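The structure under discussion appears below in the form of structure tokens.
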Amino acid sequence: AEGSAGPGELIVFFFGPQGAGGAQANIDRWVGQFTTDSGAPVTDAKQTSRKAGGFDTVMVEVAGRYGGGMGGPGTAQANQRLLGAIVNTDGGPYYFKLLGPDKTVLENAAAFDALLGSVVASPEESWKHESNEAWCGPPTFGAAPVSSRRSRFRIHRTHRPRCVGR
């Protein structure tokens, strides 16, 4: 995501029906990647639940110094923000993270919210390409793949299938 404070990134994960741990464990881990300027844990993260695209969704917003993701601690970056959402679909949870400079993420918050609202259930047949019946690739938002696995859910507003054998 482009913004006046520099680029941010949208990351979308899908690990299949089993997911990647419970929603609260993921939220706690995401919040734990942030500290205050003094190095103390962030205590003012906002967590909410709502429907997004008709699915139960847990959301989190946290800001501060971002110390890194799953690869372990990196160089902490000040003035960062994360908008995160776990969208619980029948096929398994999708994990959405918009991460970057505080101002950039705030400038793109409405687009992130619109993205979550655009998630819809899709019949499996929609993944077949009309001309050759080849299975198409995973759903995408821009260049960020949702999954390396086939899914019955897609982001309809921005979906651009990549088809096998084409």
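Note that this is a predicted model, so its numbers are computed, not measured.
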Identify which one of Asp56, Thr57, Asn26, Ile86 satisfies the side chain to side chain contact (heavy atoms under 4.5 Å, CB included) criterion when paired with Pro93. Ile86
Paired with Arg81, the side chain to side chain contact (heavy atoms under 4.5 Å, CB included) test is passed by just one of Asp102, Leu99, Val62, Leu98, namely Asp102
Looking at [atom1] of [X] and [atom2] of [Y], how far apart are the two atoms once the value is rounded to the nearest 0.5 Å?
{"X": "Asn88", "Y": "Lys51", "atom1": "CG", "atom2": "NZ", "answer": "9.5 Å"}
{"X": "Thr36", "Y": "Arg65", "atom1": "OG1", "atom2": "CZ", "answer": "9.0 Å"}
{"X": "Leu115", "Y": "Phe96", "atom1": "CG", "atom2": "CZ", "answer": "5.0 Å"}
{"X": "Leu10", "Y": "Lys97", "atom1": "CG", "atom2": "NZ", "answer": "11.0 Å"}
{"X": "Glu61", "Y": "Trp30", "atom1": "CD", "atom2": "CH2", "answer": "13.5 Å"}
{"X": "Phe55", "Y": "Asp90", "atom1": "CZ", "atom2": "CG", "answer": "6.5 Å"}

List the atom of [X], the atom of [Y], and the distance in Å for their closest heavy-atom pair.
{"X": "Gly6", "Y": "Pro101", "result": "O-CG, 4.0 Å"}
{"X": "Met59", "Y": "Ala85", "result": "CG-CB, 4.1 Å"}
{"X": "Phe112", "Y": "Leu83", "result": "CZ-O, 3.6 Å"}

Do Lys46 and Val60 pass the side-chain contact (heavy atoms from CB on, under 4.5 Å) test, and can you show the C-alpha distance, the side-chain angles, and the key distance before you say yes or no? CA-CA 5 Å; Lys46 299 175 194 166; Val60 66; over 6 Å; no
Note, Val31 side chain near Gln47 side chain (heavy atom, < 4.5 Å): no
Any side-chain heavy-atom pair of Glu9 and Thr104 under 4.5 Å: no
Gln33 and Tyr66: CA distance, side-chain angles, deciding distance, side-chain contact (heavy atoms from CB on, under 4.5 Å) verdict: CA-CA 6 Å; Gln33 294 168 346; Tyr66 178 67; 3.6 Å; yes
For the ring pair (Phe, Tyr, Trp, His ring centres under 6.0 Å) test, which of Phe13, Phe14, Phe15 pairs with Tyr95? Phe15
Any donor and acceptor pair, going by atom type alone, linking the side chain of Gln80 with main-chain N or O of Ala78 inside 3.5 Å? yes
More than 12 heavy atoms of other residues, nucleotides or ligands under 6.0 Å from CG of Asp113: yes or no? yes
Could you state whether Val58 and Val42 fall into the same hydrophobic cluster, counting links through intermediate Ile, Leu, Val, Met, Phe, Trp or Tyr residues with side-chain heavy atoms under 4.5 angstrom apart? yes
